[in-house]
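Numbers here simply count residues along the sequence, with the first being 1.
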Amino acid sequence: MNMKRLFAVCATSLVAGGVTFAQIGRGGSEWVTAFADAQRTSWIRSDPKISLEAMSKPGFELQWKTKLETQPPGRVALSQGVTANGVTLFVPMSIVVGSNNNLYGLDNDTGYVVWQRRFDVPAAATPAGCAGGSTPAATRIVNVTPPPLTAPVAGAGGGGGRAGAGYRSLLGEPGEGVPVEARAGGAAGAPPVGNPAGARGAVPQGAPAPGADAGRGVAPAGARAGGGGAGRGAQGAGIPGAPAAGGGGGLGRGGSRVVYTVSSDGMLRVVGLPSGKDIQKPAPFIPAPARWSDAIAVNTTLYAATSGTCGGAPNGVWAIDLAAENKPVVSWRTNGGAVVGAVAFTTDGSTLLVAVGPGQATGDGKANAIVALDPKTLQMKDWYTQPTAEFVTGPMVFRHNNTDVVAAGTKDGRIVLLDASSLGGTNHTTPLHASRALGGTFSAEALATWQQVTAVPGAAPAAPAPPAGAPVPPGAAPDAGVILGARWILASVNGRPAGAQATNGALTTGGVIALKLVGTGSALALEPAWTSHNLSMPATPIIVNGVVFALGTGRSAGTGAGTPAVLHAYDGATGKALWNSQRIITSAAAPGSFWSGFGQTYVGTGDGTIYSFGFRDERR
């Protein structure tokens, strides 16, 4: 997009729309962290455009594709995007991490690269299989409590406007750039750098004093991690990008204007969304050249896990205090196996969950285990372990009958379900349920989940979203006037699942298997219900308003270029095929580069191209 088109769009917006503000529908359709939320469900509960009704009609198609400039040029790895609304004149936006310390801010509606940033990191030798030019996804601050479940809006989607999600059309004063609302709705201003004494958001009483160790070493397991992640807390008053209590993720209800990422030297980067520039001085976080997971920011703390003992970094979980000026770091070591996948949170934020793979445990170390940690201290609270349960996916959490259930996949193709309040029971070895072997092997971060919701006939409309600061209902509580239906678990597998039948015959190369959760209390079970078409190296599926998006990445298991990726859409309850991208994508997908938000679904490929699929509206 050239500057003439840029100003033309601005002028058209001002004349036709007046002064409009970005808004998010209740429940939100943003993708604020890897796998959508703090529970890693890959589920967008409500969306203004995508629905079963809309996907059953023509109109869902390629909207744009953008080839990102990479440095150095050549094959590039891309992360999942992190979406944000109300950031610049063009909204919403996706922030994508690329290899070689590149960060991109993309206009979701046009594919225009609003800004590109490359972190100036000294070149260093990187052991094979370690981070190098790291590409774990960035994160915004995440509300740990999921929004209430609402019934799908009849007739939503299918083109025409943004169905309640507006876009900004304000111009700033000369030299001030694009205006951004202040966090609490006051006058806009630059986010504070650090936390001066006496300032709002200053280091809370009891936090480490300035000058405390902020280095890369392992702090004692019992050390305080600053604000911690328990519950909703104060949501990080004074933390750049922290939403207000009860707020969503957009500027209109929380003022989120930064994104957090980690450069390949292990430094925390706090980057402004409108500009791509550093908002705070980079702070030491993870030992380089470690290999780390997708990070997540909850309340006043950012978390990531390291694995593979790259660069001598221990296998474990790391937490950095975003509120303190000196950014102290604490960690927990597995003293056994490597951490598998990303960490997840229970729906009240009181527990951080970690999957640990095989290894030789020493002392109180853990291997082949799911471990519960206190988010404030990273002290171990509970665990489940089985010598034969070699976990190959990270934990995923969902609410079922007032219980948080943890799901994780094992090497032999089983899904293990655990009660988050008592992992493995009193003997630490008893799960709620272990499924039969599904066959094949799980893809990395293979699991996703969603729940059906239907409206009660004649019920009153759902109440409006609560104002900032109001109490937030429990994560599983639906709005009045809706009925909760079946809970579904989706698993991506490579190879042929045992006895599985796909919509076009038996799976041979791999695909997505949908399982229905049945039973109550401690008597839970998973029943296979439907499978996708054959998919080559399938990615973690995404669910939007009951529509399951399944991506065959086409990646090669070896060193080859692979085959072009294909995106499919299915009815999440029946497995009915609704749509596919056919031959539009021309190369294999980049590992993990698959996300959704604001009525579109995005696929990043190994050659640095982003493809956007959705319904056309007035901005495209």
Side-chain angles (χ1 to χ4, degrees), residues 32-33 35-41 139 141-148 204 206-207 221-237 239 242-247 293 295-305 316-323 330-332 339 341-356 366 369-384 394-408 417-426 428 431-432 449 470-477 522:
V32 294
T33 193
F35 309 106
D37 53 31
Q39 288 73 48
R40 310 296 192 179
T41 64
T139 185
I141 289 184
V142 181
N143 286 331
V144 291
T145 303
R224 183 168 169 32
R232 294 178 58 81
Q235 290 297 312
I239 309 302
S293 67
I296 186 169
V298 172
N299 290 327
T300 60
T301 307
L302 183 133
Y303 305 85
V317 178
W318 303 73
I320 184 168
D321 185 352
L322 301 174
V330 296
S331 66
W332 169 80
V339 175
V343 302
F345 282 82
T346 54
T347 58
D348 63 359
S350 65
T351 301
L352 181 151
L353 293 150
V354 186
V356 182
K366 294 293 177 281
I370 301 294
V371 178
L373 304 178
D374 181 280
K376 293 182 179 180
T377 65
L378 296 189
Q379 289 183 322
M380 186 166 58
K381 298 167 58 176
D382 195 7
W383 69 93
Y384 163 85
M396 179 187 70
V397 182
F398 60 90
R399 193 79 174 164
H400 180 71
N401 292 339
N402 298 318
T403 298
D404 273 3
V405 178
V406 184
L417 302 180
L418 308 170
D419 183 342
S421 65
S422 179
L423 299 176
T426 56
H428 301 287
L432 291 175
T449 185
V472 175
S522 60

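In this structure, the side chain of Asp404 engages the main chain of Thr347 through a donor-acceptor pair within 3.5 Å. One N or O on the side chain of Asp348 and one on the backbone of Ser350 form a donor-acceptor pair closer than 3.5 Å.
Between Val298 and Phe345 there is a side-chain heavy-atom pair separated by less than 4.5 Å. You'll find the side chain of Trp332 reaches within 4.5 Å of the side chain of Val371, heavy atoms only.
Between atom CG of residue Leu353 and atom CG of residue Leu373 there is a gap of 8.0 Å, rounded to the nearest 0.5 Å. Rounding to the nearest 0.5 angstrom, the gap separating the OG1 atom in Thr300 from the NZ atom in Lys376 is 9.5 Å.
Ala342 approaches Pro395 most closely through the heavy-atom pair O-CD, 3.5 Å. Closest approach of Val397 and Thr346 over heavy atoms only: CG1-CA, 4.1 Å. Nearest approach of Asn299 to Ile141, heavy atoms of both residues: O-CD1, 3.7 Å. In this structure, Gly349 and Pro375 approach most closely via the heavy-atom pair O-CG, 3.5 Å. Of all non-hydrogen atoms in Gln39 and Pro146, the two that sit nearest each other are OE1-CG, 3.5 Å. In terms of heavy atoms, Arg40 sits closest to Val343 at NE-O, 2.7 Å.
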Can you list the steps and then say if Leu432 with Leu418 is a side chain to side chain contact (heavy atoms under 4.5 Å, CB included)? CA-CA 5 Å; Leu432 291 175; Leu418 308 170; 5.6 Å; no
Residues Lys381, Asp374; criterion salt bridge (charged side-chain N to carboxylate O under 4.0 Å, His left out); working and verdict: CA-CA 6 Å; Lys381 298 167 58 176; Asp374 181 280; 5.1 Å; no
Side chain to side chain contact (heavy atoms under 4.5 Å, CB included) between Val142 and Ile296: does it pass, once the steps are laid out? CA-CA 7 Å; Val142 181; Ile296 186 169; 4.0 Å; yes
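Under the side-chain hydrogen bond (donor to acceptor under 3.5 Å, both in side chains) criterion, Ser421 pairs with Asp419, not counting sequence neighbours. When the side-chain hydrogen bond (donor to acceptor under 3.5 Å, both in side chains) test is applied to Thr139, the partners found at least two apart in sequence or on another chain are Thr33. With sequence neighbours excluded, no residue forms a salt bridge (Lys or Arg N to Asp or Glu O under 4.0 Å) with Asp382.
Counted by atom type alone, Thr145 and Asn143 present zero donor-acceptor pairs between their side chains at under 3.5 Å.
Ring orientation note: the planes of Trp383 and His428 are close to parallel, at an angle under 30° on the 30°/60° scale.
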